[in-house]
Amino acid sequence: MEEKEVLNFIEQIIEEDIHNKKNDGRVHTRFPPEPNGYLHVGHAKSICLNFALAAKYGGKTNLRFDDTNPSTEETEYVESIKKDIQWLGYQWDGEVLYASDYFGQLYEYAIQLIKAGKAYVDDSTPEAIAEMKGTPTTPGTISPYAARSIEENLDLFEQMKTGEFEDGSKVLRARIDMASSNMHMRDPILYRIKKVPHHRTGSTWNIYPMYDMAHGYSDSIEGITHSVCTLEFEVHRPLYNWLIEQVEVFHPQQIEFARGNVSYMITSKRKLLKLVKDNYVSGWDDPRMPTISGMRRRGIPAEALRNFWIGIGVARRENLIDISHLEFHVREVLNRTAIRVMGVLNPVKLVITNYPDDKTETLEIINNPEDKDAGSRKVPFSKTLYIEREDFKKEPQNKKYFRLAPGKNVRLKGAYIIHCEDFIVNEDGIVSEIHCTYYPDSRSGSDTSGVKAKGTLHWVSIPHAVKAEARIYDRLFTVPEPINHEEGKDFLDFYNENSLKILPNIYVEPSLKDISKDTHLQFMRKGYFILDEDSTFDNLIFNQTTTLRDTWGKISKR
RNA sequence: UGCCCCAUGGUGUAACGGUAGCACACCGGUUUUUGGUGCCGUUUGUCAAGGUUCGAAUCCUUGUGGGGCAACCA
């Protein structure tokens, strides 16, 4: 069977370029974050795209920090961004690069533009510049400073550099077309004065390049062949091209794609910061956060995140991706890799009345039916057990119910089949104890009893149980699109008050005392979990990554 | 009321003038010592109207709808 490979539109461009021997068939991409915040799902898409594209065509991907605004950028973010990229499973080519590495070269390009009569120093106030810019429907007006001589511009720009002028008093602008239908071509600002220490260059510079000045030239300097960015930069492309053409340097191609919006998630830096600052979440790495660090802490495998974005693909239309796509990939990876263990989240006591009082058996239970190499572990079994409260019903209504109820049989996972005889109700009317008998010859692996049981329950032996805490997470918002959901409503109006539920008294099997922090677990029949960063040997804390698919949950609700 | 981009099942994405496909979700069946997993199957779509063509999701025109553009941010 011949299967046609499906190419996305960027791959089509690249393959055409390779076919035409453009750039000698070279493919070189880059991921250009600004170090002023933490990476989130949206960045993950860009990372996956850039690295996967280069990998597919035998190319390279640079990591370049776009650090041209010293007032907002910090080294702290550089470190977290590097960590997140590596965690995602990617390694940039060579050293980490910075736009600030090119400040000297960028300054030279600016001089070249001035000498060619393509840039001038403007003394206008920010308000005046905005005024002269016009609006999308009305053309702008030419600055009174646009007519300065090349010599004067050279001199003034030099003085801007050496710090002769105050912040905001002068800018360097490109001389293009104040009547352009593209606002970005109306003599855009190239350099501004900012006497602010830079996280890498310190106080060396008094002027800093704007995005358009820095980005394309940085791409060019690095020999980037395909400069992939999001749709909102589309209107910048003519300027990107113009700047490069003026100085006749290597010309990368900018290609825009639609950012991926995921339901129940937001990616606005400002709004994310609000959640952190106002304590809606515990921090940038709160497991409910759409940040890469949050998802990591939640237990989402990097592989799942990668598969998700690669699977979603890339196009140029607006989109809202249903979060179930992500959940699918999380479960797909975890089903293959997670160690199956038993933990009872909402315990009720069960006594096996015909089991010897002080007997303990050690049962061998397989770690992962999907992975033979995962081996097995020993789990202690005794007369008294915890089972899940929801696994017992006094009077089941549904005919298809096959968990525990008086007179019913059920298999205890990896152990015996038991028969429910009776139960005790406390003064509040709550079931406090369930009494069962067991079939001694029904032990898992050597069952000769002939007894049938439709359901299988997970359990924990009370004398051996380890008390722990579980944190159950739900989506952060109550609606899929909390931004612009409803006229006059803020995204915080849709904050999900129940997005975190703490279960302080769960009981887990003793093997979990020895588990490492990055081991993905499946609490059988309950969901996928991972140890939280706050967890200690004496106080185990488990984060629920996601639940298992719950067919019964759907049926029983009907 | 200017310019630019976009429009394919519920969601995401293919088909590049020649049978509208894949994944997720949903629904049904089957297997199962996890009501998990696996396996099988059903339903659902080309924004609208014209035009070109033997033939249009694809090309053209107009309309409709959505998004972007007026930071000394990136």
Side-chain angles (χ1 to χ4, degrees), chain A residues 4 6-8 12 32-34 36 66-69 71-73 122 124-126 129-131 133-140 167-173 180-184 186 189-194 207-208 210-212 214-215 229 231-238 256 258 260 263 269 308 311-329 331-332 335-336 340 342 365-366 369-370 400-403 410-415 417 442 444-445 447 453-458 480 522-528 547-556:
Chain A
K4 243 191 285 174
V6 174
L7 299 180
N8 65 48
Q12 288 180 19
E34 185 187 10
N36 72 345
D66 221 336
D67 55 350
T68 57
N69 186 358
S71 6
T72 58
E73 295 153 1
D122 196 325
S124 307
T125 62
I129 289 180
E131 183 69 26
K133 203 128 204 183
T135 71
T137 53
T138 56
D167 285 19
S169 62
K170 283 179 171 50
V171 292
L172 182 73
R173 298 178 73 178
S180 172
S181 60
N182 182 338
M183 297 295 289
H184 296 275
R186 321 241 266 224
I189 295 171
L190 265 20
Y191 266 94
R192 79 285 214 187
I193 301 169
K194 236 181 215 295
I207 54 172
Y208 292 95
M210 298 288 289
Y211 166 82
D212 292 295
H215 203 92
C229 63
L231 242 31
E232 70 262 30
F233 291 100
E234 185 177 355
V235 283
H236 291 249
R237 192 182 346 126
E256 311 88 18
S263 63
K269 260 176 209 171
F308 165 66
I312 284 301
V314 59
R316 285 172 65 87
R317 63 184 98 110
E318 290 297 316
N319 58 74
L320 180 63
I321 300 153
D322 196 303
I323 190 141
S324 64
H325 282 95
L326 211 211
E327 289 169 349
F328 166 80
H329 287 285
R331 293 192 179 111
E332 191 275 325
N335 178 53
R336 281 189 275 116
R340 270 62 167 176
M342 293 195 284
I365 299 184
I366 198 127
E370 307 295 321
K400 285 185 178 166
Y401 176 89
F402 43 86
R403 300 182 184 181
V410 94
R411 159 78 64 185
L412 292 174
K413 175 69 192 176
I417 293 176
S442 68
S444 216
D447 184 354
K454 268 196 166 171
T456 302
L457 306 186
H458 60 281
Q522 183 197 103
F523 284 9
M524 294 195 83
R525 308 205 306 136
K526 292 274 82 176
Y528 294 102
T547 58
L548 259 26
R549 272 188 71 227
D550 186 8
T551 312
W552 172 246
K554 282 185 210 162
I555 295 169
S556 61

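Every heavy atom of this structure was used, including side-chain atoms; hydrogens, water molecules and symmetry mates were not. Every chain is numbered from 1 and lettered A, B, ... according to where its sequence line falls, protein lines coming before strand lines.
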To check you understand the geometry: which heavy-atom pair defines the closest contact between [X] and [Y], and what is its length?
X      : Y      : result
A/I365 : A/M342 : CD1-CE, 3.9 Å
A/E34  : A/E73  : OE2-OE2, 2.7 Å
A/A258 : A/R317 : CB-O, 3.3 Å
A/N335 : A/E370 : O-CG, 3.4 Å

Counting only N and O atoms by type, is there a donor-acceptor contact under 3.5 Å from the side chain of A/R186 to the main-chain atoms of A/K133?
-> yes
For A/E131, does the CD atom have more than 12 heavy-atom neighbours from other residues, nucleotides or ligands under 6.0 Å away?
-> no
Would you find more than 12 non-hydrogen atoms of other residues, nucleotides or ligands less than 6.0 Å from A/K269 atom NZ?
-> yes
Identify the residue among A/I207, A/I193, A/D122 that makes a side-chain contact (heavy atoms from CB on, under 4.5 Å) with A/V171.
-> A/D122
Atom pairs, N/O to N/O, protein against nucleotides 31-41 of chain B, distance under 3.5 Å?
| unit_1 | atom_1 | unit_2 | atom_2 | d |
| --- | --- | --- | --- | --- |
| B/U33 | O2' | A/K413 | NZ | 3.1 |
| B/U33 | O2 | A/G414 | N | 3.3 |
| B/U33 | N3 | A/S444 | OG | 2.2 |
| B/U33 | O4 | A/R411 | NH1 | 3.1 |
| B/U33 | O4 | A/R411 | NH2 | 3.4 |
| B/U33 | O4 | A/S444 | N | 3.4 |
| B/U33 | O4 | A/S444 | OG | 2.4 |
| B/U33 | O4 | A/G445 | N | 3.2 |
| B/U34 | O2 | A/Q522 | OE1 | 2.8 |
| B/U34 | O2 | A/R525 | N | 3.0 |
| B/U34 | N3 | A/Q522 | OE1 | 2.5 |
| B/U34 | O4 | A/R340 | NE | 2.3 |
| B/U34 | O4 | A/R340 | NH2 | 2.9 |
| B/G35 | OP1 | A/R525 | NE | 3.4 |
| B/G35 | OP1 | A/R525 | NH1 | 2.7 |
| B/G35 | O2' | A/W552 | N | 3.3 |
| B/G35 | N7 | A/R403 | NE | 3.0 |
| B/G35 | N7 | A/R403 | NH2 | 3.0 |
| B/G35 | O6 | A/F402 | N | 3.1 |
| B/G35 | N1 | A/K400 | O | 3.0 |
| B/G35 | N2 | A/K400 | O | 3.3 |
| B/G36 | OP1 | A/T551 | OG1 | 2.5 |
| B/G36 | N2 | A/R340 | NH2 | 3.3 |
| B/G36 | N2 | A/E370 | OE2 | 2.8 |
| B/U37 | OP1 | A/R549 | NH1 | 3.4 |
| B/U37 | OP2 | A/R549 | NH1 | 3.0 |
| B/U37 | O2' | A/N335 | ND2 | 3.0 |
| B/U37 | O2' | A/E370 | OE1 | 3.3 |
| B/U37 | O2' | A/E370 | OE2 | 3.4 |

If we call it a pair only when both distances are under 3.5 Å in a Watson-Crick or G-U wobble match, what pairs with [N]?
N     : result
B/A56 : none
B/G2  : B/C69
B/U46 : none
B/A7  : B/U64
B/C22 : B/G12

Can you check the distance between [N] and [M], where both ends of the measurement are the [atom1] atom (answer in whole Å)?
N     : M     : atom1 : result
B/G12 : B/G50 : C1'   : 32 Å
B/U58 : B/G66 : P     : 22 Å
B/U44 : B/G9  : P     : 14 Å
B/U62 : B/G55 : C1'   : 23 Å
B/G35 : B/U43 : P     : 31 Å
B/G10 : B/G68 : P     : 24 Å
B/A56 : B/G63 : P     : 24 Å
B/C60 : B/C73 : P     : 40 Å

Output a table of nitrogen or oxygen pairs between the protein and nucleotides 1-6 of chain B separated by less than 3.5 Å.
| unit_1 | atom_1 | unit_2 | atom_2 | d |
| --- | --- | --- | --- | --- |
| B/G2 | N3 | A/P136 | O | 3.0 |
| B/C3 | O2' | A/S181 | OG | 3.4 |
| B/C4 | O2' | A/E234 | OE2 | 3.4 |
| B/C5 | O4' | A/E234 | OE2 | 3.2 |
| B/C5 | O2' | A/R316 | NH2 | 3.4 |

Whole-Å gap separating [atom2] ([N]) and [atom1] ([X]):
X      : N     : atom1 : atom2 : result
A/N8   : B/U13 : CG    : P     : 11 Å
A/L320 : B/U11 : CG    : P     : 9 Å
A/I312 : B/C22 : CD1   : C1'   : 12 Å
A/H325 : B/G10 : NE2   : P     : 14 Å

Quick one: which protein N/O atoms are closer than 3.5 Å to N/O atoms of nucleotides 72-74 of chain B? Pair and distance per line, please.
| unit_1 | atom_1 | unit_2 | atom_2 | d |
| --- | --- | --- | --- | --- |
| B/C72 | N3 | A/G168 | O | 3.3 |
| B/C72 | N4 | A/S124 | O | 3.3 |
| B/C72 | N4 | A/G168 | O | 2.8 |
| B/C73 | OP2 | A/R192 | NE | 3.1 |
| B/C73 | OP2 | A/R192 | NH2 | 2.7 |
| B/C73 | O3' | A/R192 | NH2 | 3.3 |
| B/C73 | O2' | A/N69 | ND2 | 3.3 |
| B/A74 | OP1 | A/T68 | OG1 | 2.6 |
| B/A74 | OP1 | A/R192 | NH1 | 3.4 |
| B/A74 | OP1 | A/R192 | NH2 | 3.0 |
| B/A74 | OP2 | A/Y211 | N | 2.9 |
| B/A74 | O3' | A/D66 | OD2 | 3.2 |
| B/A74 | N6 | A/H236 | NE2 | 3.1 |

Indicate, with a heavy-atom threshold strictly under 4.0 Å, whether A/K269 touches base, sugar-phosphate, or nothing.
-> nothing
B/C16 base / A/Q12 side chain donor-acceptor hit below 3.5 Å = yes
A/R411 vs A/D447, side chain to side chain contact (heavy atoms under 4.5 Å, CB included): CA-CA, chis, key distance, verdict = CA-CA 11 Å; A/R411 159 78 64 185; A/D447 184 354; 2.9 Å; yes
A/F523 and A/Y528: ring-ring contact (aromatic ring centres under 6.0 Å, His included), yes or no, with the steps?
-> CA-CA 6 Å; A/F523 284 9; A/Y528 294 102; over 10 Å; no
Hey, what's the ring geometry for A/H236 with A/H184, parallel, tilted or perpendicular (30° and 60° as the breaks)?
-> tilted
What class does the angle between the rings of A/F308 and A/H329 fall in, given that below 30° is parallel, 30 to 60° is tilted and above 60° is perpendicular?
-> perpendicular
Side chains of A/S71 and A/K194: donor-acceptor distance under 3.5 Å anywhere?
-> yes
